[in-house]
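The residues of the chain are indexed from 1 along the displayed sequence.
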Amino acid sequence: MIDAEAVTFAGATLDRAAHLRSDPIACEELLCRNDARCLPYWHLQPLTALEENERLSLGWLNVDHPVFGTPSEGPIFLGFEEGAPRFASSIPDWADLAPEENVFASRKRTGHPALPERYAFTDLRSVMADLGPEDAGNATLARGLFAWHATHGFCAQCGAQSNMDAAGWRRSCPACKAQHFPRTDPVVIMLVVKGNNVLLGRSPAWPDGMYSLLAGFVEPGETIEAAVRRETFEETGIRVGNVKYLSSQPWPFPSSLMIGCYADAISTEICLDPHELENAIWLSREDALRALSGGLPEIRPARRGSIARFLIEHWVADRLG
């Protein structure tokens with residue numbers, strides 16, 4: 001039986017304490033507590049720490065650490081961890097540096113001159129499977145909020161510059177008084193199966209040989225089931241019948257909720273949409289197992305930590321229930 005909440009990014013442990021967000025005095029008092037900690041982000045990359053046992057964890061720091069400098073906005077109140085306040089803050093550049101663009105392959109660790117060598121900023125996608133479930137989930141919360149703030153600095157109603165509000169959980173417009181809240185975009189990702197075979201596709205932007213499950217955004221006025229059927233047909237020409245929900249994954253790149261579904265294919269002939277996919281294939285369960293174990297070099301499975309990898313592994317092991 002599939003454990004739907006064992007997927008990466010689903011293990012956040014923070015008590016979000018939403019009732020405190022609109023109380024600036026309470027948030028300021030929490031920020032002044034001795035047990036308060038803040039997680040730095042640089043270009044949407046969280047600070048991570050390499051422990052003595054080589055385990056990777058989040059790099060929580062004291063809120064007055066010099067690495068934070070003077071943030072332009074924030075910090076964001078994330079909630080409580082075992083009763084202790086937790087915040088996140090986006091820090092200023094300290095040198096002429098920029099994160100690498102190739103997040104599929106990059107494992108770059110960017111150190112900071114004010115921190116010991118074991119601390120570094122890392123792309124969350126590249127280390128998501130190395131963090132513990134709690135750390136991965138908590139990092140996702142802050143990363144999603146920072147990504148939203150980075151692209152919503154102006155009021156969508158009147159165009160004026162907006163301000164961070166409600167401890168980072170809202171933006172307010174001083175001109176027209178409109179309030180804007182973080183958004184989450186629903187995306188279906190589907191394990192399309194016909195007999196002993198699974199349908200996989202690849203985007204031209206992916207590393208050579210990488211294949212994954214089909215996925216697409218849910219459109220306005222559309223059910224999850226309808227989105228699965230539409231996206232599968234549009235991208236591959238495959239018709240889908242029965243659809244059932246399996247699991248979901250917060251995916252803060254920048255702000256999606258991946259809705260994992262099982263889908264029964266009622267046709268097999270692939271008619272590819274070249275604007276969406278470079279290729280699509282049917283892969284047998286046995287070959288999928290070989291690909292997962294590295295024994296099929298021409299097929300590279302979805303990255304560790306992704307819901308696509310999670311669903312494929314459970315299907316190969318016949319644990320979908």
Side-chain angles (χ1 to χ4, degrees), residues 9-53 55-94 109-124 127-128 130-150 152 162-172 181-182 250 252:
F9 294 150
T13 54
L14 291 172
D15 170 7
R16 300 190 180 200
H19 62 287
L20 295 175
R21 296 171 187 168
S22 57
D23 188 340
I25 295 177
C27 288
E28 186 64 31
E29 290 175 349
L30 291 174
L31 198 61
C32 294
R33 280 175 45 170
N34 291 333
D35 58 348
R37 297 293 180 270
C38 191
L39 181 63
Y41 276 73
W42 174 71
H43 290 276
L44 300 181
Q45 297 183 358
L47 183 69
T48 58
L50 196 60
E51 307 294 348
E52 291 183 1
N53 60 2
R55 178 179 175 270
L56 202 65
S57 64
L58 293 180
W60 297 98
L61 302 176
N62 290 334
V63 298
D64 59 353
H65 196 284
V67 75
F68 293 110
T70 304
S72 57
E73 289 187 313
I76 295 174
F77 173 56
L78 301 179
F80 294 94
E81 185 173 35
E82 297 182 351
R86 293 292 180 261
F87 295 83
S89 184
S90 183
I91 71 167
D93 285 335
W94 63 92
R109 304 180 74 249
T110 304
H112 192 285
L115 293 169
E117 188 175 344
R118 71 185 187 93
Y119 287 96
F121 292 93
T122 51
D123 181 80
L124 185 55
V127 298
M128 60 183 177
D130 301 323
L131 292 167
E134 298 86 358
D135 277 349
N138 294 338
T140 299
L141 165 59
R143 207 275 184 192
L145 286 171
F146 283 126
W148 176 71
H149 283 293
H152 289 75
S162 60
N163 301 317
M164 183 185 289
D165 196 8
W169 290 85
R170 183 175 67 202
R171 297 196 71 85
S172 298
F181 298 87

So, for [X] and [Y], which heavy atoms are closest and what is the spacing to 0.1 Å?
X      : Y      : result
Leu124 : Ala139 : CD1-CB, 4.0 Å
Gly83  : Asp35  : O-OD2, 4.1 Å
His152 : Ser162 : O-OG, 3.3 Å
Phe9   : Ala136 : CD2-O, 3.4 Å
Leu31  : Pro75  : CD1-CG, 4.0 Å
Pro40  : Gly59  : CD-O, 3.5 Å

Output yes when a side-chain donor or acceptor of [X] lies under 3.5 Å from a complementary backbone atom of [Y], and no otherwise.
X      : Y      : result
Ser22  : Ala166 : no
Trp169 : Phe77  : yes
Tyr119 : Ala114 : no
Arg37  : Trp60  : no
His43  : Gln45  : no
Arg143 : Tyr41  : no

Side-chain contact test, heavy atoms from C-beta onward, threshold under 4.5 Å: evaluate it for Leu50 versus Leu56 and give yes or no. yes
Does the side chain of Arg171 come under 3.5 Å of the side chain of Asn163 through a donor N or O and an acceptor N or O? no
Side chains of Glu51 and Ser57: donor-acceptor distance under 3.5 Å anywhere? yes
Count the heavy atoms belonging to other residues, nucleotides or ligands that lie under 6.0 Å from CG of Asp64, then report whether that count exceeds 12. yes
Atom [atom1] in [X], atom [atom2] in [Y]: separation rounded to 0.5 Å?
X      : Y      : atom1 : atom2 : result
Asp23  : Glu28  : CG    : CD    : 11.0 Å
Phe80  : Leu30  : CZ    : CG    : 4.5 Å
Leu78  : Arg86  : CG    : CZ    : 9.5 Å
His112 : Trp42  : NE2   : CH2   : 9.5 Å
Ile91  : Phe121 : CD1   : CZ    : 3.5 Å
Ile76  : Met164 : CD1   : CE    : 4.5 Å

Stepwise side-chain contact (heavy atoms from CB on, under 4.5 Å) check, Arg118 with Glu52: CA-CA 9 Å; Arg118 71 185 187 93; Glu52 291 183 1; over 6 Å; no
Please walk me through it: do Glu82 and Thr13 pass side-chain contact (heavy atoms from CB on, under 4.5 Å)? CA-CA 9 Å; Glu82 297 182 351; Thr13 54; over 6 Å; no
Evaluation steps, side-chain contact (heavy atoms from CB on, under 4.5 Å), between Leu115 and His65: CA-CA 10 Å; Leu115 293 169; His65 196 284; 3.5 Å; yes
